[in-house]
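Given the structure is predicted, the values throughout are model-derived calculations rather than measurements.
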Amino acid sequence: MAGGDQPLGLFPSEINSFYLMVVGCLVFFMQAGFAMLEAGSVRAKNTKNILLKNLLDACIGAVIWWSWGYGVAYNGGTNGFIGTADTSNKKGGASFFSMWWTGEDENPGGYDFALWFFQYGFAAAAATIVSGAVAERAQLMAYLIYTLIITGWIYPVVVHWVWATGGWLSVFTGDKDEVFQGGCIDFAGSGVVHMTGGVAALWGAKIIGPRKGRYDENGKVLPMPGHSTVLSVLGTFILWLGWYGVNPGSTLGLTGGSYGKNLARVIVTTTLSAATGGLTCVSIDRLVGSKTWDVAMVCNGILAGLVAITAGCEVITPWYAFMCGIFGGLTYYGVSKLMANKLKIDDPLDAFAVHGACGFLGVILVGFFADPMYSRGVYASELEDPDEYKGAFFGGYRPLVAAIVTLLCEITWVSFWSITMFMAMKLIGILRVPPDVEDAGMDVSKHGGSAYTDM
């Protein structure tokens with residue numbers, strides 16, 4: 001036992017740090033899930049390319065998050081828009097390059113580093129979402145550029161608004177005069193992570209254009225299935241497992257308060273939404289879509305349910321989590337068909353339908369389903385009338401108003417920078433690979449040969 005015979009209860013900082021590192025490993029392992037899902041969903045000739053992009057995402061994301069991303073996201077004192085690193089505080093107030101986190105000023109329980117690692121997984125995920133939407137035709141240079149911009153600028157600013165103490169949309173901001181409607185409840189990132197990545201993915205897929213052969217001369221969608229259902233299912237299961245790090249881990253601790261009670265409930269709400277999302281999607285597709293039992297529909301329905309519950313997993317009850325999964329499955333299915341058949345936007349991984357649309361839905365559903373038994377406890381600021389800070393179905397209105405404003409601001413911010421970024425790369429000719437490379441596949445053209453050798 002650490003510290004001789006003293007009970008673990010005397011070391012809450014160490015316990016919380018260890019907890020964050022464990023759930024952080026689950027969040028990081030989601031990169032493997034994304035890699036398997038994306039590899040299985042593309043054609044065999046582009047397998048190495050998509051795997052390389054997922055590996056580089058983890059590498060680039062770590063360096064950027066350490067250099068300035070984390071500081072932009074979480075520091076800034078009273079600056080509600082962006083973190084600026086308070087260099088006057090040498091006790092952890094600055095997070096650029098982990099300044100003053102070592103030596104005599106190091107947190108004795110290691111919490112600063114543990115929290116950085118946990119949040120790094122979220123940042124990497126936001127950029128990974130985009131890679132699926134532009135798969136099989138984006139240049140590697142374009143990928144490196146948008147990963148840098150998303151991880152180092154677009155995503156951290158959104159994080160600061162909603163999750164940082166002092167953010168103008170953050171429930172963690174204690175001064176009620178500095179936060180809008182008490183803040184937006186987005187517990188683990190339906191909007192902050194998933195909608196941010198999903199909206200960027202939408203504009204990326206729109207600007208880069210569809211893959212060759214995706215539509216015929218009449219604009220009809222032609223099938224372009226991925227090469228491995230096995231990899232797609234494996235990736236889905238890994239992501240589902242990783243979500244048990246994302247959602248329960250977002251308590252950011254294990255000791256004190258009601259952390260234990262909350263994370264146990266979050267496990268259940270997360271599971272129910274995922275399960276009902278998968279069942280909803282495959283059932284709808286069986287009845288009105290392909291008329292088959294489509295494995296891909298189960299996979300994407302599960303992910304849709306997970307994204308939809310992520311914002312409200314702590315403040316809703318299991319019954320409403322069950323409903324979140326149904327709404328998530330319905331939303332995914334409708335938006336996926338709209339994108340492909342009406343808008344003619346080719347999104348190989350359905351990144352926007354899963355992450356963008358269901359992320360939007362998840363934040364909105366908190367405005368309706370937030371149970372006052374749980375929601376009142378998330379606000380750091382003083383509540384003038386607690387009855388106003390509960391879901392609309394319980395008679396409140398502020399969570400819904402905050403959710404709507406937050407979503408509109410996030411969409412505007414992410415869209416502006418994404419359009420600017422992707423259009424600039426398209427204009428200078430570094431966004432899309434040449435037609436002959438796309439035909440041959442990027443594995444043989446760029447990466448030394450096929451991912452699969454003859455047995």
Side-chain angles (χ1 to χ4, degrees), residues 73-83 154-196 199 247 250-252 257-258 262 266 269 307-317 320 323-324 327 356-416:
Y74 284 104
N75 281 310
T78 59
N79 190 324
F81 181 81
I82 188 172
I154 297 174
Y155 172 75
V157 172
V158 175
V159 170
H160 188 79
W161 293 353
V162 184
W163 283 348
T165 300
W168 73 282
L169 292 167
S170 173
V171 296
F172 302 108
T173 299
D175 187 346
K176 68 180 187 303
D177 295 326
E178 300 293 332
V179 60
F180 179 77
Q181 298 292 323
C184 173
I185 302 175
D186 187 359
F187 183 68
S190 288
V192 172
V193 180
H194 295 280
M195 196 184 74
T196 294
V199 171
N247 287 2
S250 291
T251 60
L252 303 183
S258 55
N262 288 342
V266 167
T269 56
V307 173
I309 194 61
T310 297
C313 56
E314 188 199 27
V315 297
I316 66 173
T317 55
Y320 284 114
M323 298 303 299
C324 280
F327 290 137
C358 293
F360 181 96
L361 173 74
V363 178
I364 286 292
L365 289 179
V366 176
F368 288 99
F369 294 164
D371 192 307
M373 182 165 49
Y374 307 124
S375 63
R376 291 171 182 167
V378 305
Y379 295 99
S381 59
E382 182 180 353
L383 306 183
E384 296 178 355
D385 184 353
D387 287 336
E388 297 176 353
Y389 293 86
K390 53 189 178 182
F393 284 2
F394 296 89
Y397 71 91
R398 290 188 185 272
L400 182 58
V401 173
I404 292 172
V405 171
T406 299
L407 290 170
L408 292 176
C409 291
E410 289 176 354
I411 291 171
T412 301
W413 171 262
V414 178
S415 294
F416 172 80

Where do Phe180 and Trp161 land on the ring pair (Phe, Tyr, Trp, His ring centres under 6.0 Å) test, with the steps shown first?
CA-CA 10 Å; Phe180 179 77; Trp161 293 353; over 10 Å; no
Could you go step by step and tell me if Tyr374 and Thr317 meet the side chain to side chain contact (heavy atoms under 4.5 Å, CB included) rule?
CA-CA 9 Å; Tyr374 307 124; Thr317 55; 4.0 Å; yes
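Although no hydrogens or angles enter the test, the distance criterion places a donor-acceptor pair under 3.5 Å between the side chain of Asp186 and the main chain of Gly191. For the pair Thr173 (side chain) and Gly167 (backbone), a donor-acceptor distance under 3.5 Å is present. Ser170 places a side-chain N or O within 3.5 Å of a backbone atom of Ala164 that can act as its donor or acceptor partner. Using modelled atom types, no side-chain atom of Ser190 and backbone atom of Gly359 make a donor-acceptor pair closer than 3.5 Å.
Val171 and Gly183 make their closest contact through CG1-C, 3.7 Å (heavy atoms, listed as atom of the first residue, atom of the second, distance). Contact record, Ile411 with Ser415: O-OG, 2.7 Å, taken as the closest heavy-atom pair. For Ala308 against Leu361, the heavy-atom pair with the smallest separation is CB-CD2, 4.2 Å. Of all non-hydrogen atoms in Ile82 and His160, the two that sit nearest each other are N-CD2, 3.3 Å. Shown here for Val162 and Phe172, the closest heavy-atom pair between the two residues is O-CD1, 4.5 Å. Residue Cys313 comes nearest to Phe187 through the heavy atom pair SG-CD2, 3.3 Å, listed as atom of the first residue, atom of the second, then distance.
Summarising the geometry, atom SG belonging to Cys409 is positioned 6.0 Å from atom CG belonging to Leu169; distances are rounded to the nearest 0.5 Å. We find the CZ-CD1 distance between Phe369 and Ile309 to be 9.0 Å, quoted to the nearest 0.5 Å. Rounded to the nearest 0.5 angstrom, Glu178 CD and Trp168 CH2 are separated by 12.5 Å. Summarising the geometry, atom OG1 belonging to Thr196 is positioned 7.5 Å from atom OH belonging to Tyr155; distances are rounded to the nearest 0.5 Å. The CG atom of Leu400 sits 9.5 Å away from atom CZ of Phe393, with the distance rounded to the nearest 0.5 Å. Here the OG1 atom belonging to Thr165 is positioned 12.5 Å from the CG atom belonging to Asp175, to the nearest 0.5 angstrom.
Checked by atom type, the side-chain pair Ser258/Asn262 shows a donor-acceptor distance below 3.5 Å.
Residues Val179 and Tyr379 are not in side-chain contact: their nearest non-hydrogen atoms beyond the backbone lie 4.5 Å or more apart. Within the 4.5 Å cutoff, the side chain of Glu410 has heavy atoms near those of the Val192 side chain. Two residues are said to be in side-chain contact when any heavy atoms from C-beta on lie closer than 4.5 Å; Met195 and Leu407 meet this criterion. By the 4.5 Å heavy-atom criterion applied to side chains, Glu314 and Val378 are counted as neighbours.
Contacts classified as salt bridge (Lys or Arg N to Asp or Glu O under 4.0 Å) and involving residues 386-397 (residues at least two apart or in different chains) are given here: Arg376-Asp387, Asp387-Lys390, Glu388-Arg398.
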